[in-house]
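So the structure is just underneath, and the comments pick up after that.
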4 protein chains.
Amino acid sequence: MSPLNEEQQLQIRDERREQIMSAALKVFARRGIIGTKMSMIAAEAEISHGLLYHYFTSKEELFTTLVEKAMLASDEAMQMVYKLPGSPIDKIRALTQDMMDEGGTDYFLLIHQARTSDGVPEKVVELMERYSMDNYVKQLRALFREGQEAGELAEGDLDEMIASYLSVLSGLMVLNVQKIGGYQLPKVDVLLRMITP
Amino acid sequence: MSPLNEEQQLQIRDERREQIMSAALKVFARRGIIGTKMSMIAAEAEISHGLLYHYFTSKEELFTTLVEKAMLASDEAMQMVYKLPGSPIDKIRALTQDMMDEGGTDYFLLIHQARTSDGVPEKVVELMERYSMDNYVKQLRALFREGQEAGELAEGDLDEMIASYLSVLSGLMVLNVQKIGGYQLPKVDVLLRMITP
Amino acid sequence: MSPLNEEQQLQIRDERREQIMSAALKVFARRGIIGTKMSMIAAEAEISHGLLYHYFTSKEELFTTLVEKAMLASDEAMQMVYKLPGSPIDKIRALTQDMMDEGGTDYFLLIHQARTSDGVPEKVVELMERYSMDNYVKQLRALFREGQEAGELAEGDLDEMIASYLSVLSGLMVLNVQKIGGYQLPKVDVLLRMITP
Amino acid sequence: MSPLNEEQQLQIRDERREQIMSAALKVFARRGIIGTKMSMIAAEAEISHGLLYHYFTSKEELFTTLVEKAMLASDEAMQMVYKLPGSPIDKIRALTQDMMDEGGTDYFLLIHQARTSDGVPEKVVELMERYSMDNYVKQLRALFREGQEAGELAEGDLDEMIASYLSVLSGLMVLNVQKIGGYQLPKVDVLLRMITP
DNA sequence: GATGAATGAGCCTTCATTCAT
DNA sequence: CATGAATGAAGGCTCATTCAT
């Protein structure tokens, strides 16, 4: 009866899930959970809104799933920096550049939405508590220490420097959400001056 | 014959209006126009939701009124910088400090909301178009030029420097919306390094 | 202490009541009970809306009071016809003319509203049941019989003739509520043709 | 892949639209736009109130749509009279009979509501201005002239006669809104006496 | 008595979610 | 699996009514 074998079924299912999550990420990242309507996600994914509920039981679940994925992805991205070529400052420059670029920003924005918006599911709130900015700080500590030791970075409290710098980058990413408004993205070298001697 | 004299009536009305606007500012600044329920404003102002409509005809009108007020206030704040004592860099430092502080941030956040959210009244959209970031740049140009001439500021394109710096400050103000999340506000001197030689 | 003696107090009270009832009649007659806001009545009476509640406990009570008064008044008007000079047809002509005129129509319209609108208080519904069109028919029967006997009126069932004629007049009164719409009020003699030989 | 073919979908949509419009016509005709609650229409159509908004964006749009349809329908009805058999007076008699009958009265009442109520959408007001009673007069002029020339109608100003007659019929239709109240619908021949020699 | 600020029930409308097909 | 019709909880707003002054 079934025209497709089980494996194919599963593959289709997975593809659909990806398609929906990708669409949802785009919308949630820009508009937050409250500002996002399920119909917007359906439109972005080019499927009917009814179909969303075959893959996710609710808007909350979809959001939560994305946040979890985003946390993994941002961890990974942060680790990636160590594999980049060049001196510590080169790596930091590359990381900064990445964060200012269009791509990959969405996961970061989603986390920001999760952190600062209302109407966020309880589960996400818990995730956020366990997974604060400190996490990033911890991951970058080795890199920044190395830079400091190499004299490429300014002196001073390491964790504070990292957290401050990440905050600045975060703020810029959030602002840049929408091209409107005439905000100006600073050049990477200008940003780096904050942490270089 | 009148139970309260006219002056008293007017005073009550004015006080209530202020009370409502103050409450609304707080909520709108953090949650945007869509995320804000009239009942939230009523609760914050400790009045019934019905009473809101004695003073403002709609959520839109309330929001618009606040945005107009915010634009005036931020203009004023920007002008104030010239009256501060000290050299140009001192003034910029003071301005930066002000923007990082609690007070007066709400107006700024409100304008950010007005600039980037959906569901913003048509009139506000028009206001925003006429009143872009360029406005602030224009207002600060004389101060920054003076600083550059005094050798207190880095060389380079003036307008770009101002816009970039304001974007960084804006981003930080937006992040700082809620104390949660563990973002770290950079020290003022760290921020100033971006624009000093 | 009291600057007015009791009698004067009472007189003022009565005058205010009249003032309110007159205003309310005007508004209710044209807009029905649902379409009428208490604030409209207050505005028409040139008093504050709060004061209405010193004289009438509710919109319903005000409406009901007026309907009762209207029933008495329309009875009286119907009796008046017998006191007019001239032959039966002259009296009917005068009655018709009166009903087409501006004045005194309001009570009639109010009764129509009470008869046909929703949201009418239970008590009014009961009044209407006890006080149907038949009442008017009964009151005019003698006059019409006289006219028929004098050969001034057409032959045929008396009650049906009266009821039909009154329905036509009622319909015209209702239409004429508002001057807009370009309805044309027929000349009295045209209307009389329906009941003359 | 589609669960229902396109034709079926369209058919359901059309049926529902008709069902809603029919229910709304009934309620609006009797209660006007203010007195009608969307829940009443939903109840009359035996659907949930939410579903109304899948088919019409607002109460206003629903009302306006119906008024437009009513204007077309009443035009058509007025034209139909010329296709009836018999002499002019026969046709007028048939038209009169039709208007007194149950059927099709609702459209007429709706137009009356649109003409005389408050809270009517701006667009409807414009429609009404362009589409006054004169329109009907114009459409019936040829018929009445013919009748006059055949000596079947009374002498006198043609347009006035038509407008007056229509006003009487309109008034009766409005009264007959609800069977309650004991108004008596005059016999057609009685009404015709107003315009016959 | 008189005023108008204040309250809250109720209606219009939106949108997350369900379900027949 | 896929669609979109259908439902109903919840939010914006109005207005009858109350009450402090």
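So you know, we letter chains A, B, ... as the sequences are listed, proteins then strands, and number each from 1.
Two residues are said to be in side-chain contact when any heavy atoms from C-beta on lie closer than 4.5 Å; C/V67 and C/F28 fail this criterion. Residues D/L62 and D/I41 have side chains in contact (heavy-atom distance under 4.5 Å, counting atoms from C-beta outward). When side chains are defined from C-beta on, A/H49 does not count as touching A/M40, because their heavy atoms never get closer than 4.5 Å.
Side-chain N/O atoms of D/Q9 include one lying less than 4.0 angstrom from OP1 or OP2 on F/dA5. The phosphate of E/dG1 has OP1 or OP2 within less than 4.0 Å of a side-chain N or O from C/R13. For B/Y53 and F/dT14, the shortest distance from a side-chain N or O to OP1 or OP2 is not below 4.0 Å. Within the structure, a side-chain polar atom (N or O) of B/Y55 is placed less than 4.0 Å from OP1 or OP2 of E/dA6.
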Polar atom pairs (N or O), protein with nucleotides 8-10 of chain F, under 3.5 Å:
from, atom 1, to, atom 2, distance (Å)
F/dA9, N6, D/H49, NE2, 3.0

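Checked against E/dT13, E/dA5, F/dT7, the side chain of D/M38 finds its nearest nucleotide in E/dT13. Distances from the side chain of C/R16 to the nucleotides F/dC13, E/dA2, E/dA16 place E/dA2 closest.
In this structure, D/A23 and D/E44 approach most closely via the heavy-atom pair CB-CG, 3.5 Å.
Protein atom CD1 of C/I34 is 10 Å distant from nucleotide atom P of E/dC11, rounded to whole Å. In this structure, C/H54 atom NE2 and F/dT18 atom P are separated by 11 Å, rounded to whole Å. Rounded to an integer number of Å, the gap from C/E15 CD to E/dG1 C1' is 14 Å. Regarding B/I12, its CD1 atom lies at a distance of 18 Å from the P atom of F/dC19, rounded to whole Å. Taking atom CD on B/E61 and atom P on F/dG12, their separation rounds to 16 Å, with Å as the unit. A/F56 has its CZ atom 15 Å from the P atom of E/dT18, to the nearest Å. In this structure, B/M40 atom CE and F/dG12 atom C1' are separated by 13 Å, rounded to whole Å. A straight line from CD of D/Q11 to C1' of E/dT21 spans 14 Å, rounded to a whole angstrom.
In this model, no donor atom of one side chain and acceptor atom of the other lie less than 3.5 Å apart for C/E15 and C/Q19.
Figure legend. E/dT13 is base-paired to F/dA10; pairs are counted as Watson-Crick or G-U wobble with both atom distances under 3.5 Å. Using Watson-Crick or G-U wobble geometry with both donor-acceptor distances under 3.5 Å, E/dA2 finds its partner in F/dT21. Of all nucleotides present, only F/dC15 satisfies the Watson-Crick or G-U wobble test against E/dG8, with each distance under 3.5 Å.
A/R16 contributes no side-chain N or O that, together with a main-chain N or O of A/Y55, makes up a donor-acceptor pair within less than 3.5 Å.
Screening residues 55-70 of chain C for salt bridge (charged side-chain N to carboxylate O under 4.0 Å, His left out), with sequence neighbours left out, gives C/E18-C/K69, C/E68-C/K123.
Of the two residues contacting DNA chain E, namely A/E60 and C/I47, the nearest-nucleotide position lying further toward the 5' end is that of C/I47. Each of D/E46 and C/K59 was matched to the nucleotide of DNA chain F holding its nearest heavy atom; the match closer to the 5' end belongs to D/E46.
D/D118 has a carboxylate O that lies under 4.0 Å from a charged side-chain N of C/R31, or vice versa, which qualifies the two as a salt bridge.
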